[in-house]
Amino acid sequence: MHRFRFVLWRPLQLLPVLFGISVITFVLIRMIPGDPARLLLGARATPSALARIREQYGLDEPLWAQYAYFLSNLSQGEMGRSIVYKIGVLDLMANRILPTVCLVVGSVLLSLLIAIPLASIAARQRGRTADHAIRIVSTAGLGLPAFWLGIMLIILFSVKLGLFPVAGWGDTWLERLHHMVLPCLTVALALSAVLTRNLRAAMIAEIGSDQAMAARSRGLPESVVFRRHVLPNSLVPTVNLLAVNIGWLIGGSVVVETVFSLPGMGQLLVRGIFARDYMVVQAVAMAFAVATVLINFLADLLTVAIDPRVRL
Amino acid sequence: MSAPLLDVQGLTVASARGTVVEDVSFTIGQGEVLGLVGESGSGKTVTCRALIGLLPAGSLAVTAGSVRLEGREITRLDPVALGKVRGRQIGMIFQNPSSHLDPVMRIGDQIGLAVRHHLGLGRREARAHGIELLRQVGIPDPGARIDSYPHELSGGMRQRAMIATALACDPKLVIADEPTTALDVTVQAQILRLLLDLRDRRGVSMLLITHDLGVVAQTCDRIAVMYAGRIAEKGQKRRVLASPHHPYTQALIRCQPASGGGVGLLPSIPGQPPMAGSMPRGCRFHPRCERMRPACRERQPDLLQQADGSEAACFFPVSEPVLEAAS
Amino acid sequence: MSALAASRPGPASLPKLPLPLVLGILLVGAWALLALAAPWVAPFDPIAQNLAVALQPPSAAHWLGTDNFGRDVLSRVIWGARVDLQIGIIGVVFPFIIGTSIGAVAGYAGGIVDTVLMRVIDVVLAFPFLVLMIAIIAILGPGLASFYIAMALVGWVSYARLIRAQVLVLKHADFVLAAKSLDFGHARILFRHILPNAITGSIVFSMSDVVLVILSGSSISYLGLGVQPPTAEWGIMIAEGQGFITTAWWISAFPGFAIVIMAFGFSLLADGLAEFLGVRE
């Protein structure tokens, strides 16, 4: 499988980006006006604790040295302690990853379940009523604010119909699944607008393509031509679109976690900002950036897997 | 001679702007190769798409005429019945194997889909059938190549693979639309030889669409020359090439590079072929014709039998041969 | 480019405009008028509280109901158009100018300048957009000014990338080589000859970018980091209404519809403009 050889060297190419991410997060926190030691430890820190963190992060030394301390701490897995939760930031994040991962993965899958049938109907009935309706709805859907959509779904499905819980996460997997339905649906609906528009355009191009015409000349029914030739070819650009939008998707999940009080990374970030818990803000921002880079890498893998022409 | 395999009578295809193909008639007998010749835009590709009902919906439609395959009318079939003709009875080879093969599907699956659909074979039988087909079209190591993707093959091999997909269900007629135009010169002859070889071994008839008289000379039994959507001349290949009657055919032959390789520019036909919707009155070739007389502007000439058996649509046909002998 | 020259937008060529463009202009124009005329159109003061009429459902007096302070939701939606339209426009203008300038210069100069720029863009794009925005706003302190600064710091990369790709192609075009042979200065070649031809794609993108900026602005305000109460802004109104979803759905519902409709206008504008200018996104 020589086409997958990039798996070995591509991570090396990502190193400069990871380096850039660490610089930006470092600079962001150092730009906050005030005594950095006090910022990192909070207003009620004891003098001995302040002295300890000054030494650990080299806060009395020049900026480049501080960055070196920051990196060396980072390489030892030391990202500081949360002043609100009083535990290490890494431990804190470890407890918060699951809801966010479930939300992102769940909404991507759900949005494909929505977008693929809608785009197929629109593309196959191009120019007819169904197509116009789907085009209008998906264009309007581009401007759906996820947080508002979440609240509307809560009003409809939780308050009026009582089908799903209003907020929270749950202890068993069954409870969690029940809690995840509305948040995933929220993000998925907002995402499926972009997906549907792009898939529809890709499908229309493929329906009129030479290879689809050749498949028809072999006597295959239109449904087979669509399922076996048009659909796989139009999914290739869609995977790329998803990868490009993954940053947007993570951003959307930050807001949606707040709407549904999901104890995930996004909620941690927002609460960290209001509590001035800067160690947490720094770590979460960095984790999100690294996750985005990794997901793009996975998308490359997926593209190579479904499109045999692609070499990286 | 028995009844023809394919009998096309008065086929007319129109777009919103006017007719693109008008009153086209020809027949193809069992095991016969008919060459449909003309410049790009002369309507030859539209003609062959119309034969198997693959005109782009909404923009082009058959408005008159009949197409009979073994005596059965196929222009007004419903999609299901048409699906049984396409691929099963008529196979189609396209100009550009790179764009007409699905880039993300293995060669074997592209053959297999049609075979399983038409012949009802299982997965394993379809695969064995595919390997045998690839072997017949001269692809080396077919057992491995069946799992290749199109981009992994060279241009010539890709065209062989496409020929295999067209032959998959053993059709009686193969329509080849410029099968060698997109290929390197060195590969062109190989592909033509393969097509003739398949004709000899399988007895398939062939409609070969090309702008290249050299290809026609090498492969066809009979020729139909198209100009601006109408047939200008048709007849036995040797006769038409040796003594063309239509001035257009004559001009086409003069424009071919001689195999001896003369020095200097080839002659060309002055002017441009007319577009659909702005066809000249009378004979469509008259604005470019060196033998034009007033009558040519008035009426459209009909295809008339000439002394040597060819048919030409010209009021003032050429009678002297242009070449000493055809190849 | 030929489409631009052939049919200048004007009364004579109006019927030739694509339908989405016409609808988009009408929709966005209607919001702009409403925003400008807010003091005269809005039936009530958007901020004044009147607890006597708190939490009233839509009625003849209050078409879209009232919120928990008795403020008229319709009036707040109308006044909110001022803020959100301003967010959408200012939030696009600065990234557009900054990104276009940087991208054009880098693409034209090439070499090390270009390489450094591309690496910076890679890093900025590695951060989820909203996460980086939130982090910057957290440092600058909540507020609309912080939002605009954060938007400029983060949003320019898309424009820089778009224009750089165009400039890379155009700098080898014949008309540019001709300008070079006439010994024009680099600045003149870049800004007078290349940029006008390279910028159409960015203009179309900026229209769809308005949608994203309005969504980000209202999201940031919803989180409490953007526009501050009691200003009437749609994101804040939705956040304030969230406490009353069991009793007063209208407080959150209508500002959301307002966002969707305004965003729809800009999306149509983007689609129509792309069709009109022959730009493929």
Side-chain angles (χ1 to χ4, degrees), chain A residues 14 16-21 23-25 28-29 31-33 136 139-149 151-152 154-156 158-160 166 190 244 246-255 258-259 266 269-270 272-274 276 278 281-282 284-286 288-293 296, chain C residues 20 119-120 122-142 208 210-212 214-216 218-220 222-225 234-235 237-239 241-242 245-247 249 251-253 255-268 270-271 280-281:
Chain A
L14 297 178
V17 175
L18 294 177
F19 172 76
I21 290 172
V23 170
I24 288 192
T25 33
L28 276 179
I29 298 302
M31 268 166 52
I32 302 170
I136 291 170
T139 306
L142 293 176
L144 268 183
F147 58 99
W148 174 74
L149 187 61
I151 293 172
M152 292 302 111
I154 291 175
I155 291 178
L156 183 64
S158 306
V159 177
K160 303 275 183 210
V166 171
V244 171
I246 201 71
W248 181 88
L249 188 62
I250 288 178
S253 71
V254 169
V255 186
T258 307
V259 175
L269 176 73
V270 174
I273 283 170
F274 283 108
R276 305 193 160 274
Y278 288 113
V281 173
Q282 173 177 284
V284 173
M286 197 133 100
F288 272 141
V290 172
T292 310
V293 172
N296 274 304
Chain C
R119 291 291 84 78
V120 171
D122 282 348
V123 174
V124 175
L125 283 178
F127 283 89
F129 175 75
L130 210 55
V131 169
L132 193 51
M133 291 282 296
I134 291 175
I136 295 175
I137 293 171
I139 291 154
L140 300 172
S208 54
V210 172
V211 177
L212 294 181
I214 290 176
L215 286 182
S216 316
S218 56
S219 300
I220 298 270
Y222 167 81
L223 293 174
L225 294 165
W234 297 336
M237 293 175 68
I238 294 169
Q242 199 179 356
I245 48 172
T246 50
T247 50
W249 55 267
I251 307 179
S252 289
F257 285 123
I259 295 179
V260 172
I261 296 169
M262 185 184 274
F264 188 43
F266 281 104
S267 295
L268 286 173
D271 282 1
R280 284 191 56 216
E281 278 177 78

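Chain A is the first sequence line, chain B the second, and so forth, proteins listed ahead of strands; every chain is numbered from 1. Since we're looking at a predicted model, the values are computed, not measured.
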**Complete:** So CD1 of A:I29 and CD1 of C:I139: to nearest 0.5 Å the spacing works out to 5.5 Å
**A:I154 portion near chain C, given a 4.5 angstrom heavy-atom threshold** = side chain
**Request:** State, with a plain yes or no, whether a side-chain heavy atom of C:F266 is found less than 4.5 Å away from one of A:L142.
**Result:** no
**Request:** Considering only heavy atoms and a distance below 4.5 Å, find which of A:T139, A:V23, A:I250 pairs most often with chain C.
**Result:** A:T139
**Request:** Compute the ring centroids of A:W148 and C:F257, then answer whether they are less than 6.0 Å apart.
**Result:** yes
**Asked** Rounded to the nearest 0.5 Å, what separation is found between the CE atom of A:M152 and the CH2 atom of C:W249?
**Response** 8.5 Å
**Minimal non-hydrogen separation, A:P16 against C:V123, with atom names** = O-CG2, 4.5 Å
**Request:** Go through the atoms of A:L149 and report whether side chain, backbone, both or neither lie under 4.5 Å from a heavy atom of chain C.
**Result:** neither
**Item:** Euclidean distance, C:I134 CD1 relative to A:F288 CZ, rounded to 0.5 Å
**Value:** 9.0 Å
**Request:** Flag the one option from C:G141, C:S219, C:A263, C:A135 with the top tally of heavy-atom pairs under 4.5 Å to chain A.
**Result:** C:S219
**Request:** Rounded to the nearest 0.5 Å, what's the gap from OG1 on C:T246 to CD1 on A:I155? Could you check?
**Result:** 9.0 Å
**Prompt:** Where on C:F129 is there a heavy atom nearer than 4.5 Å to chain A: the side chain, the backbone, both, or neither?
**Reply:** backbone
**Choice from C:D122, C:I261, C:L223, C:V211 maximising heavy atom contacts with chain A below 4.5 Å** = C:L223
**Message:** Taking the side chain as everything from C-beta on, heavy atoms only, tell me whether C:L132 gets closer than 4.5 Å to A:L28.
**Reply:** yes
**Prompt:** Checking A:T292 side chain against C:A126 main chain: does a donor-acceptor pair fall under 3.5 Å?
**Reply:** yes
**Request:** Measure C:I137 against the heavy atoms of chain A and call it side chain, backbone, both or neither at under 4.5 Å.
**Result:** neither
**Request:** Under 4.5 Å, counting heavy-atom pairs only, tell me which of A:G143, A:G251, A:G247 racks up the most with chain C.
**Result:** A:G143
**Asked** Considering only heavy atoms from C-beta outward, does the side chain of C:P128 approach that of A:I246 to under 4.5 Å?
**Response** no
**Request:** State, yes or no, whether a side-chain contact exists between A:F147 and C:Y222 at a heavy-atom distance under 4.5 Å.
**Result:** yes
**Asked** A:V17 versus chain C, heavy atoms under 4.5 Å apart: side chain, backbone, both or neither?
**Response** both
**Request:** Using atom types as modelled and distance alone, determine if a side-chain donor or acceptor of C:Q242 lies under 3.5 Å from a backbone N or O of A:V259.
**Result:** yes
**Message:** Which atoms of A:L144 are under 4.5 Å from chain C, going by heavy atoms: the side chain, the backbone, both sets, or neither?
**Reply:** both
**Request:** Heavy-atom distances under 4.5 Å only: say whether A:F19 touches chain C with side chain, backbone, both or neither.
**Result:** neither
**Item:** Options A:V254, A:N296, A:V166, A:I24, ranked by heavy-atom pairs under 4.5 Å with chain C, top entry
**Value:** A:I24
**Verdict with supporting geometry, A:I136 and C:F264, side-chain contact (heavy atoms from CB on, under 4.5 Å)** = CA-CA 9 Å; A:I136 291 170; C:F264 188 43; 4.0 Å; yes
